[in-house]
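Since the structure comes first, as structure tokens, the remarks are kept for the end.
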Amino acid sequence: MNLRPDPTFHATSKLAMEAPAETLAFTLMLSPDGSQPDGLAIVDVDPSSDTFGQIVHQVIMPNKGDEFHHFGWNACSSALSPLTGHAFLERRYLIIPGIRSSRIYVVDVKEPLKAKIHKIIEPEEVFAKTGYSRPHTIHCGPEGIYVSTLGGGGKDGTEGPPGIFIMDCESFDVIGRYEIDRGPQDKQYDFWWNLPRDYMVSSEWGLPPQFENGLVPEDLLSNKYGHRLHFWNLRERKNVQTIDLGENHQMALEVRPAHDPVKEYGFCGVVVDTTNLEGSIWTWWREGGKWHAKKTVTIPPQPAKADDLPDMLKGFEAVPPLVTDIDLSLDDRFLYVSCWGTGEMHQYDVSDPMKPKLAGKVEIGGIVKKAKHPNGKDFGYGPQMVEISRDGKRVYWTNSLYSTWDDQFYPGDRGAAMVMANVGAKGGLTLDKNFYVEFPKGYRSHQIRLEGGDCSTDSFCYPSV
């Protein structure tokens, strides 16, 4: 235990922006066919380094078939909460769940170039203590580690609804379910919160039979994937309101609350509108004691010839943008939107959260466009998991969505990659031609975490002034 708070914990998002820049990134590697164990790659992101843009260390797991997807820290700035915080924790461990195996790895990265496995939590412990399976999103709360799941009980994960469970942030024992009263919530995906305002918001994807073996077209066209946002009283662990975005707005995925806790709004990305193939961004906010949500950005599909499309899309003769990830800069100014299908990264100025304005765009990859990186190399698939530097000057992303979905929308092995774009002072994005990370053969790349914390990790407990 530290005798003083970890220097990477910050009371406000403004202070986090002023902290030293990241020099390392942690990126997940997954084996799509399970023929080799998944791993964690430590990437040099220091432009002054001789190994800039290279993998400088790897941690390869002892098991196969985990399918790494999302991961997070054991502790972050939320530990400074004045009510329930543990200020003397360290941001030392990465919590990495296998979305397919339900196994959880705790990796010690105190010395990043000597990172090693600290503990393995077997799926049987998760099942027995929570009744959930398929752990997905990790958030470091002030009093523990919160883990969302995509599956309920039973072998196929459909016996009961999925939800959130809590782990001890020091022993890493699985404690139990978060929910006391879940109300109508019966699917789960992402979640996040505003700690001082005492609320949480969660979203929906689908149940394991709807994603593990690929997208189920019949379920999509009959609007059976998730399309609701759930709002919770955080301390009472109670669902207080559910908003249906409309059943045609299929797969309401990432939720990104404003970082400044004074602000009671946030954003959600919706993968596709089944009536017109558009992607969309929704702004949600609290007013008059009630939650509201409004579609504030629409992204149209790209027309395409059937011969240029994978079987999944031939009948539509268009490429949907497929909004699969979003991320919000720490100053709450720019929202980044991954359009995995069309091969675009969008940057929106959301200074007015009700009127986002497109401020920048990068084209790279894409089902039809197949735009190359500035260094001339192909970028397989499209922009997917996105992470922003704390100072907002750099944006990193990888290209794999989920192994079986990759194979449907982008048949054949396209190669794992991680790229970085520089952000202009007034907005705008430019890909860095000298930063292009290629991963070992047979792997794909997914979520990124940054040394010292990042924009989709930390929760701040004090207003920025």
Side-chain angles (χ1 to χ4, degrees), residues 1-2 6-9 22-31 34-46 49 51-76 79 86 88-126 135-140 144-145 147 167-174 385 387 396 398 416 418 437-454 457-458:
M1 179 178 287
N2 286 337
D6 188 312
T8 72
F9 295 171
E22 71 284 355
T23 61
L24 296 171
F26 304 89
T27 305
L28 291 183
M29 305 189 300
L30 63 104
S31 171
S35 62
Q36 53 189 336
D38 292 351
L40 174 69
I42 291 85
V43 178
D44 187 337
V45 296
D46 180 356
S49 170
T51 52
F52 177 60
Q54 297 179 30
I55 296 172
V56 290
H57 183 60
Q58 298 177 43
V59 181
I60 302 300
M61 304 304 151
N63 302 288
K64 296 180 181 179
D66 289 313
E67 181 120 4
F68 284 174
H69 196 64
H70 287 201
F71 69 132
W73 294 103
N74 68 304
C76 60
H86 286 268
F88 303 111
L89 291 169
E90 281 185 279
R91 188 196 302 271
R92 175 171 177 170
Y93 300 96
L94 285 168
I95 315 301
I96 309 177
I99 193 176
R100 194 173 287 272
S101 68
S102 299
R103 182 178 291 111
I104 301 173
Y105 297 87
V106 180
V107 177
D108 185 346
V109 296
K110 185 177 180 68
E111 296 182 74
L113 302 188
K114 296 180 181 179
K116 58 182 187 283
I117 297 170
H118 173 74
K119 183 175 182 177
I120 300 175
I121 300 154
E122 295 296 342
E124 290 76 17
E125 181 178 351
V126 177
H136 183 260
T137 298
I138 308 293
H139 270 306
C140 30
I145 300 162
V147 185
M167 295 169 57
D168 186 278
C169 54
E170 294 182 280
S171 69
F172 306 108
D173 291 333
V174 174
M385 293 308 297
E387 195 48 70
Y396 302 88
T398 54
M418 174 177 164
V437 184
E438 296 177 280
F439 293 82
K441 188 175 181 180
Y443 282 109
R444 294 179 189 169
S445 55
H446 202 63
Q447 192 168 37
I448 303 162
R449 290 275 166 242
L450 301 179
E451 172 195 37
D454 44 68
T457 301
D458 283 48

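Note that the coordinates shown come from a computational prediction; the quantities given were computed from them, not determined experimentally. Numbering starts at 1 and runs along the sequence shown.
- A distance of 7.5 Å separates OG in Ser101 from CZ in Phe68, rounded to the nearest 0.5 Å.
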Full working for side-chain contact (heavy atoms from CB on, under 4.5 Å) between Met29 and Ile60: CA-CA 9 Å; Met29 305 189 300; Ile60 302 300; 3.9 Å; yes

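- Taking Tyr443 as the reference, nothing meets the ring pair (Phe, Tyr, Trp, His ring centres under 6.0 Å) condition, with sequence neighbours excluded.
- Trp73 approaches Gly453 most closely through the heavy-atom pair NE1-CA, 4.3 Å.
- For the atom pair CG (Leu89) and CG (Asp6), the distance works out to 9.0 Å, reported to the nearest 0.5 Å.
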Worked verdict on Tyr396 versus Leu450 for side-chain contact (heavy atoms from CB on, under 4.5 Å): CA-CA 10 Å; Tyr396 302 88; Leu450 301 179; 4.1 Å; yes

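- Under the 3.5 Å distance criterion, the side-chain polar atoms of Asp66 are left unmatched by any main-chain donor or acceptor of Pro37.
- The structure places CG of Asp44 at 10.0 Å from CD of Glu451, a figure rounded to the nearest 0.5 Å.
- Considering CD1 of Ile95 and CD1 of Ile138, their distance stands at 6.5 Å, rounded to 0.5 Å.
- Proximity of Pro440 to Gln58: side-chain heavy atoms (C-beta onward) are separated by under 4.5 Å at one or more points.
- In this structure the side chain of Thr27 reaches within 4.5 angstrom of the side chain of Phe439, judged on heavy atoms.
- Nearest heavy-atom pair across Ser445 and Thr398 is OG-CB, 3.5 Å.
- Side chains of Asp454 and Arg449 form a contact here, defined as non-hydrogen atoms less than 4.5 Å apart.
- In this structure a side-chain-to-backbone donor-acceptor pair under 3.5 Å is present from Asn74 to Glu90.
- Residues satisfying the salt bridge (Lys or Arg N to Asp or Glu O under 4.0 Å) criterion with Asp173, sequence neighbours excluded, are Lys119.
- Counting heavy atoms from C-beta on, the side chains of Ile96 and Leu28 come closer than 4.5 Å.
- Counting heavy atoms from C-beta on, the side chains of Ile104 and Phe172 never come closer than 4.5 Å.
- A salt bridge links Asp458 to Arg91: at least one charged side-chain nitrogen sits closer than 4.0 Å to a carboxylate oxygen.
- Taking both residues in full, the closest heavy atoms of Val43 and Gly53 are given as CG1-C, 4.5 Å, listed atom of the first, atom of the second, then distance.
- For the atom pair NE2 (His57) and NZ (Lys116), the distance works out to 9.5 Å, reported to the nearest 0.5 Å.
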side-chain contact (heavy atoms from CB on, under 4.5 Å) between Arg92 and His118, worked out: CA-CA 11 Å; Arg92 175 171 177 170; His118 173 74; over 6 Å; no

Audit row: Ile99, His136, side-chain contact (heavy atoms from CB on, under 4.5 Å) steps and yes/no: CA-CA 6 Å; Ile99 193 176; His136 183 260; 3.7 Å; yes

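- Closest of all the heavy-atom pairs between Pro135 and Val147 is CB-CG1, 3.7 Å.
- Residue Glu124 qualifies as enclosed at atom CD: its count of foreign heavy atoms under 6.0 Å is above 12.
- Atom CE of residue Met61 and atom CD1 of residue Ile120 lie 8.0 Å apart, to the nearest 0.5 angstrom.
- Taking all atoms of both residues into account, the shortest heavy-atom contact from His70 to Met385 is NE2-CE, 3.6 Å.
- When the side chain to side chain donor-acceptor pair (under 3.5 Å) test is applied to Ser31, the partners found at least two apart in sequence or on another chain are Asp33.
- Counting heavy atoms from C-beta on, the side chains of Cys140 and Tyr93 never come closer than 4.5 Å.
- In this structure, Ala115 and Val109 approach most closely via the heavy-atom pair CB-CG1, 3.8 Å.
- With hydrogens and angles disregarded, no donor-acceptor distance shorter than 3.5 Å links the side chain of His446 to the backbone of Leu30.
- Neither side chain, Ser49 nor Asp46, offers a donor N or O lying under 3.5 Å from an acceptor on the other.
- In summary, the aromatic rings of Phe71 and Phe26 are positioned with their centroids too far apart to meet the 6.0 Å limit.
- Checking each of Val126, Ile121, Asn63 against Arg103 for a side chain to side chain contact (heavy atoms under 4.5 Å, CB included) leaves exactly one that passes, namely Asn63.
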